[in-house]
Amino acid sequence: MRKIILGATLPAILLVAGCDNDFERAAVGAGVGAVAAEATDNDPVVGAAVGAGVGALSDDI
């Protein structure tokens, strides 16, 4: 399971990096968070919320 998550990290970072504004980054982050949460048997809604927050703030880091 850990290899799947690590293998999905780079494409997710590249998707978020290719976005132009906070809304696009939040949308991509929500999608990635939901998929990652579902893959790890967690709540996809919580994963989407966390992913959206991280995506929206990723240009500030």
For Arg25 and Gly55, the nearest pair of non-hydrogen atoms, with its separation, is CB-O, 2.9 Å

Between Gly47 and Ala37, what is the shortest heavy-atom contact and its length?
CA-CB, 3.9 Å

Can you list the residues that meet the side-chain hydrogen bond (donor to acceptor under 3.5 Å, both in side chains) rule with Asp43, with sequence neighbours excluded?
none

If two hydrophobic side chains count as joined below 4.5 Å and joins carry through other members, does Val46 share a cluster with Val54?
yes

